[in-house]
Amino acid sequence: LKRGEYRQLFDLFVQVQQQYPALHSYHQRCFNFLLNARMAEWLSHYFPHYVLALRSSGRGAQIHSAYKQVLKIKADYKPDNAELCHALARECRDKGDNMAAVKLLTGLHKTWPQYPGLRAAYELLADTLADLPELQAQAEKCRQLAANFPASASVAPVPARRAALAPSNA
C-alpha cells in the first residue's frame, strides 16, 4: 500500500463500519491501521469511536492499553471532550496509571466549564493526587475546587456524541 492510498483504505473502513456497526473486528482493524501508518491526527480523531466500539463489544478492559498506544504515536493526545477525558482517567487510575489520570483531568474545568461531571472528575483527581507522594499536597486544594462544582446525578462513561470519523482537514 502506498502512502498516498491511505485515505482510500480509511474510507473503506468507514464505509464498512457505517454499514455493519456491529462488526467490531473492523474497528480493531481500523485502529491498528492508523497505529501502524502512524497517522496521528486521524488516530486522535478516531479514538473516541474506537472506545465506543470496545465498550459495546464488551472489551472495555482494553481501553487503557489502546490509550497508551495512541500516546506512543501522539504524545500530547488529549480527547476533545470532557466525558472521554473523565472516562479515560477512571480507566487509567483503575490500571494504576495515576500520572496519566492526572494529565487527563487537570484543567478540565477551564476547557469544559459546563461539563456536568466536574465535581466527580475533580474528586477523582483529588483521590489520584493523594496516591502520588510528590503531589499529595495538591489533593486538598483539588478537593476544595471540587466542592465548588454542583454534584451531577449521572455522568456518561463514554462520549455521547459521534463525530465524523475522519479529521476535517484530511
Side-chain angles (χ1 to χ4, degrees), residues 24 27-28 30-32 34-163 165 167-169:
H24 299 291
H27 287 282
Q28 183 66 50
C30 185
F31 181 72
N32 289 341
L34 294 172
L35 279 174
N36 292 328
R38 303 188 67 78
M39 298 174 77
E41 289 306 313
W42 289 34
L43 185 61
S44 63
H45 193 80
Y46 181 73
F47 186 69
H49 302 280
Y50 184 60
V51 169
L52 286 172
L54 288 173
R55 291 266 176 167
S56 66
S57 67
R59 296 181 305 154
Q62 296 176 5
I63 293 171
H64 177 258
S65 64
Y67 173 62
K68 297 306 274 186
Q69 288 177 301
V70 170
L71 290 178
K72 287 179 184 174
I73 304 299
K74 186 172 176 150
D76 64 342
Y77 174 71
K78 191 169 184 177
D80 66 355
N81 69 70
E83 292 89 354
L84 185 54
C85 282
H86 190 178
L88 278 175
R90 279 194 303 263
E91 296 285 341
C92 290
R93 180 168 161 84
D94 289 348
K95 298 287 185 185
D97 191 357
N98 289 339
M99 283 309 297
V102 169
K103 287 178 185 176
L104 285 161
L105 295 173
T106 300
L108 204 66
H109 68 292
K110 292 177 184 175
T111 309
W112 294 287
Q114 300 305 316
Y115 174 52
L118 283 175
R119 179 180 225 146
Y122 276 85
E123 287 170 352
L124 174 64
L125 179 57
D127 292 344
T128 305
L129 289 169
D131 289 345
L132 296 167
E134 69 276 14
L135 297 173
Q136 286 178 343
Q138 298 299 320
E140 187 54 37
K141 291 177 186 176
C142 193
R143 285 188 206 293
Q144 291 171 357
L145 180 61
N148 293 326
F149 302 119
S152 64
S154 68
V155 177
V158 294
R161 63 182 174 81
R162 284 187 177 260
L165 292 175
S168 58
N169 61 353

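Listed by first and then second residue, the salt bridge (Lys or Arg N to Asp or Glu O under 4.0 Å) pairs that reach into residues 69-79 are E41-K74, sequence neighbours excluded. Pairs of residues two or more places apart, or lying in two chains, that qualify as salt bridge (Lys or Arg N to Asp or Glu O under 4.0 Å) and include a residue from residues 111-123 are R119-E123. The salt bridge (Lys or Arg N to Asp or Glu O under 4.0 Å) pairs that include a residue from residues 134-152 are D127-R143, where partners are two or more places apart or lie in different chains. Listed by first and then second residue, the salt bridge (Lys or Arg N to Asp or Glu O under 4.0 Å) pairs that reach into residues 94-104 are K68-D97, sequence neighbours excluded.
The heavy-atom pair separating L43 from L34 by the smallest distance is CD1-CB, 3.7 Å. Contact record, C142 with A126: SG-N, 3.7 Å, taken as the closest heavy-atom pair. Pairing each heavy atom of A53 with each of H27, the nearest pair is CB-CG, 3.4 Å. Scanning all heavy atoms of the two residues, the minimum distance from L84 to V51 falls at CD1-CG1, 4.0 Å. Across all their heavy atoms, A139 and A130 have their closest contact at CB-N, 3.7 Å. Of all non-hydrogen atoms in Y122 and A146, the two that sit nearest each other are CB-CB, 3.6 Å.
Counting heavy atoms from C-beta outward, C85 and W112 have side chains that approach closer than 4.5 Å. With a 4.5 Å cut-off on side-chain heavy atoms, Y67 and E91 do not count as touching.
Here the OH atom belonging to Y115 is positioned 5.0 Å from the NE2 atom belonging to H86, to the nearest 0.5 angstrom. Note that NE2 of H109 is 8.5 Å distant from CG of L118, once rounded to the nearest 0.5 Å. A distance of 7.0 Å separates CD of Q138 from CG of L129, quoted to the nearest 0.5 Å. Remark: L52 CG to H24 NE2 distance equals 10.5 Å, nearest 0.5 Å.
Under the 30°/60° scheme for interplanar angles, the aromatic rings of F47 and F31 are found to be tilted.
Scored by the side-chain contact (heavy atoms from CB on, under 4.5 Å) test, A89 finds A101, L104, L105, L124 as partners (sequence neighbours excluded). By the side chain to side chain donor-acceptor pair (under 3.5 Å) test, R59 is found to be paired with S57, residues two or more places apart in sequence or in another chain being considered.
Side-chain contact check for N32 and Q28: at least one donor-acceptor pair (N or O, by modelled atom type) lies under 3.5 Å.
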